[in-house]
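Everything numeric here is computed off the predicted structure, so don't read it as measured data. Counting begins at 1 with the first residue of the sequence.
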Amino acid sequence: TTNCALRTAGSAESAIRSAVKDVKRAIPGARLITAAPDLVNLSDMVRLLDQAGVITLSRQGMRKYALNQLKKSHRTFPPSQVFAESPLWHLDDVVSWLIDNEKVEHLENARCLLDVARGVRELNASLEYARLAPTHKYDSVAALALG
């Protein structure tokens, strides 16, 4: 059982599914546009990692990771997905990188956040696909969220 983000569930997907059902019950016509946390900037990344009890790091420290200014890492930091003045990264890519490079303070918290971030990323991808191919039938959280 995973206890992440105020819900206890067997997995991030079941927690997300439960949250979507709760919102649909409370607001019957609601449609989910996007879920978070998925794409995050450096400031949000630092805040989320700290709140989840994964690692305490300054924005400047995270920036050094992002710019690959480390002497010890098994692989390079994941590339940003949005290239702008304030780039955005997929949170699951960053947490996975932190785990792989042994940069986390609490491994179980990191795994929990990784599970949630992957579930949210998959939901956002399926929501986007559902909007692009609206005639396709879905057996997913996206179908529940859009329907």
Between [X] and [Y], what is the shortest heavy-atom contact and its length?
| X | Y | result |
| --- | --- | --- |
| G61 | S58 | N-OG, 2.9 Å |
| N124 | A35 | OD1-N, 2.7 Å |
| G119 | I16 | C-CD1, 3.6 Å |
| V40 | L48 | CG1-CD1, 3.7 Å |
| D92 | L114 | O-CD1, 3.3 Å |
| V23 | A30 | CG1-CB, 4.2 Å |

With rounding to the nearest 0.5 Å, note down the distance linking [atom1] in [X] to [atom2] in [Y].
| X | Y | atom1 | atom2 | answer |
| --- | --- | --- | --- | --- |
| Q60 | L67 | CD | CG | 8.5 Å |
| L127 | L132 | CG | CG | 11.0 Å |
| M45 | I55 | CE | CD1 | 12.0 Å |

Would you say the side-chain atoms of [X] pair up with the backbone N or O of [Y], donor to acceptor, closer than 3.5 Å?
| X | Y | value |
| --- | --- | --- |
| N41 | S86 | no |
| R131 | I33 | yes |
| S80 | F83 | no |
| S126 | E122 | yes |

Greater than 12 external heavy atoms within 6.0 Å of R63's CZ: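 Counting other residues, nucleotides and ligands, CZ of R63 stays at 12 neighbours or fewer.
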Between L42 and W89, does the side chain to side chain contact (heavy atoms under 4.5 Å, CB included) criterion hold? Intermediate values first, please. CA-CA 8 Å; L42 288 174; W89 287 264; 3.8 Å; yes
Supply the members, apart from L39, of the Ile/Leu/Val/Met/Phe/Trp/Tyr cluster built from side-chain contacts under 4.5 Å; use none for a lone residue.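 The other cluster members (ILVMFWY side chains, heavy atoms under 4.5 Å, direct or chained) are V82, L88.
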Got L91 and D44 here, is their nearest side-chain heavy-atom distance under 4.5 Å?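 The answer is no, as the side chains (C-beta and beyond) never meet within the 4.5 Å cut-off.
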Would you say the side chain of Q69 lies within less than 4.5 Å of the side chain of F77, judging by non-hydrogen atoms?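 F77 vs Q69: side chains apart.
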Test of understanding: clusters of I, L, V, M, F, W, Y form through side-chain heavy atoms closer than 4.5 Å, transitively. Do L107 and L57 belong to the same one?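 Cluster IDs for L107 and L57 match.
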Run D38 and L123 through side chain to side chain contact (heavy atoms under 4.5 Å, CB included) and show every step you take. CA-CA 10 Å; D38 183 10; L123 172 58; over 6 Å; no
Hey, are R47 and D50 close enough for a salt bridge, meaning a charged N less than 4.0 Å from a carboxylate O?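 D50 and R47: not salt-bridged.
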Criterion side chain to side chain contact (heavy atoms under 4.5 Å, CB included) on K21 and K24, from CA distance to verdict: CA-CA 5 Å; K21 285 180 182 177; K24 297 287 278 180; 5.6 Å; no
Take V95 and L49, measure what side chain to side chain contact (heavy atoms under 4.5 Å, CB included) needs, and give me the verdict at the end. CA-CA 8 Å; V95 175; L49 292 168; 3.9 Å; yes
Inter- and intrachain pairs under side-chain hydrogen bond (donor to acceptor under 3.5 Å, both in side chains), touching residues 97-106, at least two apart: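 Listed once each, the pairs are R75-D100.
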